[in-house]
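Working notes, beginning with the structure itself.
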There are 2 protein chains.
Amino acid sequence: MDDLDRQLLGELQRDATQSYAALGQAVGLSAGGAHERVRKLRGQGVIRRTTIEVDPSAVGRGVAAFVLVEAQAWMGAPSVRAALEALPEVVEAHIIAGPATLLVKVRTATTEELQTALRHLFAIEGVSGTQTIVVLETFFERPLSTDVGEG
Amino acid sequence: MDDLDRQLLGELQRDATQSYAALGQAVGLSAGGAHERVRKLRGQGVIRRTTIEVDPSAVGRGVAAFVLVEAQAWMGAPSVRAALEALPEVVEAHIIAGPATLLVKVRTATTEELQTALRHLFAIEGVSGTQTIVVLETFFERPLSTDVGEG
DNA sequence: GCTGCCGGTCCAGGTCATCCACGGCCTGAG
DNA sequence: CTCAGGCCGTGGATGACCTGGACCGGCAGC
């Protein structure tokens with residue numbers, strides 16, 4: 001995991017369709033060398049998968065909201081996780097420290113569907129309340145920078 | 001944008017490296033037909049780009065947090081957006097309705113760096129306070145479901 | 001029923017991924 | 001210093017794949 005690998009990750013995040021020849025040229029490597037490094041990054045699990053970014057509004061997911069879920073029970077159980085995964089509107093779920101125990105990101109077509117999603121969240125065992133933060137405008141959602149931080 | 005398109009989107013989200021032959025077989029189409037539909041979806045902007053998912057901890061971004069930013073000024077200005085984009089730790093930024101005006105998602109290597117990121121957020125014009133929600137465990141972060149909602 | 005059009009299938013040419021052998025560089029031991 | 005060993009990148013060969021075009025069937029409008 002050196003600087004060349006990070007450059008490769010950045011290039012692939014930007015455009016994963018480019019050829020290994022172009023990829024190698026971008027970082028100063030032959031096509032074969034670039035291919036070998038990318039293969040290893042996949043093997044190590046650094047690259048989890050190759051995927052596409054879809055326009056949310058084009059597939060009926062134009063409304064976004066973050067929901068803070070308050071609970072009277074421990075929410076780290078696998079059953080809770082499974083219940084959240086079963087809801088297609090839920091795109092992220094995190095156990096958090098702070099005013100609530102669970103934070104989920106929800107995407108729906110309309111605010112009416114958002115309400116339906118909230119009802120489904122309430123139906124999960126132990127949930128005692130929710131606080132919903134509706135997104136008015138998304139500035140950006142981007143892949144993580146592969147630059148080194150301070151260390 | 002019919003059901004076949006949605007199936008193609010789902011397949012590509014799952015694995016964008018598969019051949020058009022495999023893609024066509026998955027949805028009951030020839031390779032050429034699948035290619036033509038995917039080409040159109042790209043042209044329409046439904047498919048924004050092809051990218052890779054990177055393991056956050058492998059690139060020094062193992063710590064995640066959501067920050068509610070309180071402000072005394074209007075935060076929708078392009079200058080605010082630019083200031084947020086300039087911070088590599090900020091992976092998402094949204095204008096929200098609710099207890100604050102801005103919600104940003106931050107990823108850093110350590111909690112010390114998280115503190116640095118908060119200092120940078122405070123440096124943005126008009127910011128009067130922050131409330132940080134630290135992620136203890138991420139259940140999942142997944143692509144949006146391409147199933148049709150209610151409508 | 002005829003005609004034009006949209007979409008799918010099939011095919012061909014050129015590009016690209018993928019594997020392998022060769023060679024240079026760094027490292028550690030004698 | 002010298003030499004052996006391993007790691008990594010390079011270059012070439014081959015086979016698969018992308019990609020565009022020609023052909024064909026179904027559907028709508030006249």
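Side chains included, hydrogens not; waters and symmetry mates left out as well; all remaining heavy atoms used. So that the names make sense, note that chain A is the first sequence line, chain B the second, and so on, each numbered from 1.
Atom pair A:Glu36:CD and C:dG23:P shows a separation of 19 Å (rounding to whole Å applied). For the pair B:Tyr20 OH and C:dC11 P, the interatomic distance rounds to 21 Å; values are reported in whole Å. Nucleotide D:dC17 holds its P atom 22 Å from the CZ atom of B:Arg39, rounded to whole Å. What separates CD of A:Gln18 from C1' of C:dC16 is a distance of 14 Å, to the nearest Å. As rounded to whole Å, 14 Å separates atom C1' of C:dG8 from atom CG of B:Asp5. The CG atom of A:Asp3 sits 16 Å away from the P atom of D:dC8 (whole-angstrom rounding). As a whole-Å value, the separation of A:Lys40 NZ from C:dC19 C1' is 14 Å. Atom pair B:Leu8:CG and C:dG7:C1' shows a separation of 14 Å (rounding to whole Å applied).
The environment of A:Gln115 atom CD is sparse: at most 12 non-hydrogen atoms of other residues, nucleotides or ligands sit within 6.0 angstrom. By the 6.0 Å contact criterion, CD on A:Gln25 is open, its count of non-hydrogen atoms from other residues, nucleotides or ligands being 12 or less. The local environment of CD in B:Glu125 is sparse, with at most 12 non-hydrogen atoms from other residues, nucleotides or ligands closer than 6.0 Å.
Using a 4.0 Å cut-off between charged nitrogen and carboxylate oxygen, A:Arg37 and A:Glu11 do not count as a salt-bridge pair.
Between B:His35 and D:dT19 there is a side-chain polar atom (N or O) within less than 4.0 angstrom of OP1 or OP2. At the phosphate of C:dG8, OP1 or OP2 sits under 4.0 Å from a side-chain N or O atom of B:Arg37.
Closest to the side chain of B:Ser19, out of D:dG9, C:dT9, D:dC17, is D:dC17.
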